[in-house]
Visitor: 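Quick one: structure below, then a few questions.
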Amino acid sequence: HRERKPFPADFLWGAASAAYQVEGAWDADGKGPSVWDIFTREPGRTFQGSNGEVAVDHYHRFEEDVALMAEMGLKAYRFSVSWPRIFPTGRGAPNEAGLAFYERLIDALRAHGIEPVLTLYHWDLPQALQDEYGGWESRRIIADFEHYCVTLFQRFGGKVKWWVSLNEQNYNLTNAYQLGTHPPAVQDRKRFFAANHVAFLANATVIAAFRRHVPDGHIGPSFAYSPAYPASCDPAELLAFENAEEFTNHWWLGTYCFGRYPRGTLAWLRETGEAPEIMPGDEAILRAGTPDFVGINYYQTLTYTTNALDGVTMQRINTTGEKGTTPSSGVPGLYRTLPNPRVETTNWDWAIDPVGLRIGLRRLSSRYALPILITENGLGEFDTLTEDERVHDDYRIDYLRRHIEACRDGISDGVQLLGYCAWSFTDILSWLNGYQKRYGFVYVDRDEHDPRDLRRVRKDSFYWYRRVIASGGVDL
Ligand code: BG6
């Protein structure tokens, strides 16, 4: 037994959101449509056809939301900028009304001493660029993305010091090009790796530009990190687990952090014909744009077993909230998932595994030797608003408490942890799961179909997290 180290005094106690999930105002003040504005209108794409046209109307209520953040004592707020709010067709001259909205938000945060953490891209690609050249499948996006990002660096670089480049390139593009569940809803592994290659180049290009424009700032990607477990100590299952680690985690993290594709994985993809086309100069671009920190969105671990060459392929995830409905998912010849009988799960079958967070922090810290920022962690659950206007979300408090304890264990293990952004501050639209799967400290009164009055109600977890922050993580 040893004493756990305290959280550092400058620890970023935060909460997070993303533009499409909170803002609403989908066509206000000159904003152009994003791929999500269009995709969610197609029948059957999302839970009961839910979409972000109104979302939780943060665009019009951000002052009230920031006042709640200040009341809670938040030290940091992670939000994303909607690219088509700034460039309605993806490029050209910026839309001043869009920039002005984020300027007001940033100023309000800073006035309350809340550090803005700005995500450049959280999946809401301008539809115009998808139509014009296929979005992430074309190298043309690199210049357009750089132009958009540099516009934000120039405008906000003096006020915003923490930046996230791409949010969950791995999860978003897996959904978009393997599962067919995010726009453009393709199922093709060759195109999946090609789109990822372009995204890696775009990510590195904007990090290199960031160094020139915001030399005193910090930037990194946010990665959807699910540490892998083997289903047993059978060597064949350990090999499947190693395969999953290499193909689902280090393919991205290694490329980001070392500016170079992991060679073993690349060789395997060349044999299967799925490898991206790497042009001369591409790896120099990757090397010139490595991050200051690794951002991780941690929700769960995944447990793996072997998969025959003609075995299980990628399967859609549970989007209904019916426990036990998630099928096995995998890549033939490499790995497939199994439920882990040793951990509890949420109603959406996500493993609740705080020890997995400690394990993941240690794995990343020892392999990449970079500071880590937890850019998301939280519990999506059904919540009930009581007649006396309360939400007794003790299950969420329990989840967050155990994960924050795991952070403290990670720090004691030697991990340089910069901060913890709980997902989410208010309730949000869960992309494919509607408004019933709630994450917030602040309940928003609306459902899939009826925006009702969108009133904000502090959940029990709101008061709990306020105490946690005030005590620097001592009073858990
Ligand atoms: C991450 C995303 O995938 O996890 C968030 O960055 C998302 O935008 C969160 O909301 C939770 O996922 P879900 O599917 O429950 O909304």
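Just so it is clear, the model here is predicted, and its values are computed rather than measured. Every number for a ligand or one of its atoms is a count from 1 in the order of the listing.
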Visitor: Please tell me whether His403 and Tyr399 form a close aromatic pair, meaning their ring centres lie under 6.0 Å apart.
Guide: yes
Visitor: With heavy-atom distances below 4.0 Å as the criterion, list the atoms of ligand 1 near His122.
Guide: 2 (C), 5 (C), 6 (O), 8 (O)
Visitor: Report the C-alpha distance between Asp393 and Arg438 in whole Å, list the side-chain angles of each, state the deciding distance to 0.1 Å, and finish with yes or no for salt bridge (charged side-chain N to carboxylate O under 4.0 Å, His left out).
Guide: CA-CA 11 Å; Asp393 58 343; Arg438 294 173 181 272; over 6 Å; no
Visitor: If you count the atoms of ligand 1 from 1 in the order shown, which ones are under 4.0 Å from a heavy atom of Lys437?
Guide: 13 (P), 15 (O)
Visitor: Any N or O on Asn433 sitting closer than 3.5 Å to an N or O of ligand 1?
Guide: yes
Visitor: What's the shortest distance from atom 3 (O) of ligand 1 to any protein heavy atom, and which residue and atom give it?
Guide: Glu168 OE1, 2.6 Å
Visitor: With ring centroids as reference points, do Tyr298 and Tyr225 lie under 6.0 angstrom apart?
Guide: no
Visitor: How far is atom 2 (C) of ligand 1 from the closest protein heavy atom, and which atom is that?
Guide: Glu376 OE1, 3.4 Å
Visitor: Tell me, which protein residue and heavy-atom name are nearest atom 11 (C) of ligand 1, and how many Å apart are they?
Guide: Tyr439 OH, 3.2 Å
Visitor: Looking only at atom types and distance, does a side-chain atom of Thr337 sit under 3.5 Å from a main-chain N or O of Ser329, one as donor and one as acceptor?
Guide: yes
Visitor: Is the distance between the ring centroids of Tyr335 and Phe241 less than 6.0 Å?
Guide: no
Visitor: Show your working on salt bridge (charged side-chain N to carboxylate O under 4.0 Å, His left out) between Glu103 and Arg155 and close with a plain yes or no.
Guide: CA-CA 9 Å; Glu103 184 120 61; Arg155 177 77 170 237; 2.8 Å; yes
Visitor: My understanding is that we take every heavy atom of each candidate and find the minimum distance to atom 16 (O) of ligand 1. Doing that for Ala16, Ser430, Ser80, which one comes out nearest?
Guide: Ser430
Visitor: Tell me, with the steps shown, if Glu376 and Arg78 meet salt bridge (charged side-chain N to carboxylate O under 4.0 Å, His left out).
Guide: CA-CA 9 Å; Glu376 291 179 27; Arg78 171 177 178 241; 3.0 Å; yes
Visitor: Below 4.0 Å from ligand 1: does a non-hydrogen atom of Trp348 turn up there or not?
Guide: no
Visitor: Among all protein heavy atoms in this structure, tell me which lies nearest to atom 10 (O) of ligand 1, with the distance rounded to 0.1 Å.
Guide: Gln21 NE2, 2.9 Å
Visitor: Can you tell me the protein heavy atom closest to atom 9 (C) of ligand 1 and the distance?
Guide: Tyr299 OH, 3.4 Å
Visitor: Quick one: list whatever passes salt bridge (Lys or Arg N to Asp or Glu O under 4.0 Å) with Asp144, sequence neighbours left out.
Guide: Arg91
Visitor: After noting the C-alpha distance and the side-chain angles of Asp453 and Arg446, does the key distance pass the salt bridge (charged side-chain N to carboxylate O under 4.0 Å, His left out) rule?
Guide: CA-CA 7 Å; Asp453 65 1; Arg446 67 154 299 160; over 6 Å; no
Visitor: Would you tell me which option among Tyr20, Trp423, Trp350 has the nearest heavy-atom contact to atom 12 (O) of ligand 1?
Guide: Trp350
Visitor: Taking non-hydrogen atoms only, is Asn297 closer than 4.0 angstrom to ligand 1 via side chain, backbone, both or neither?
Guide: side chain
Visitor: Could you tell me which atoms of ligand 1, counted from 1 in the order shown, lie closer than 4.0 angstrom to a heavy atom of Asn167?
Guide: 6 (O)
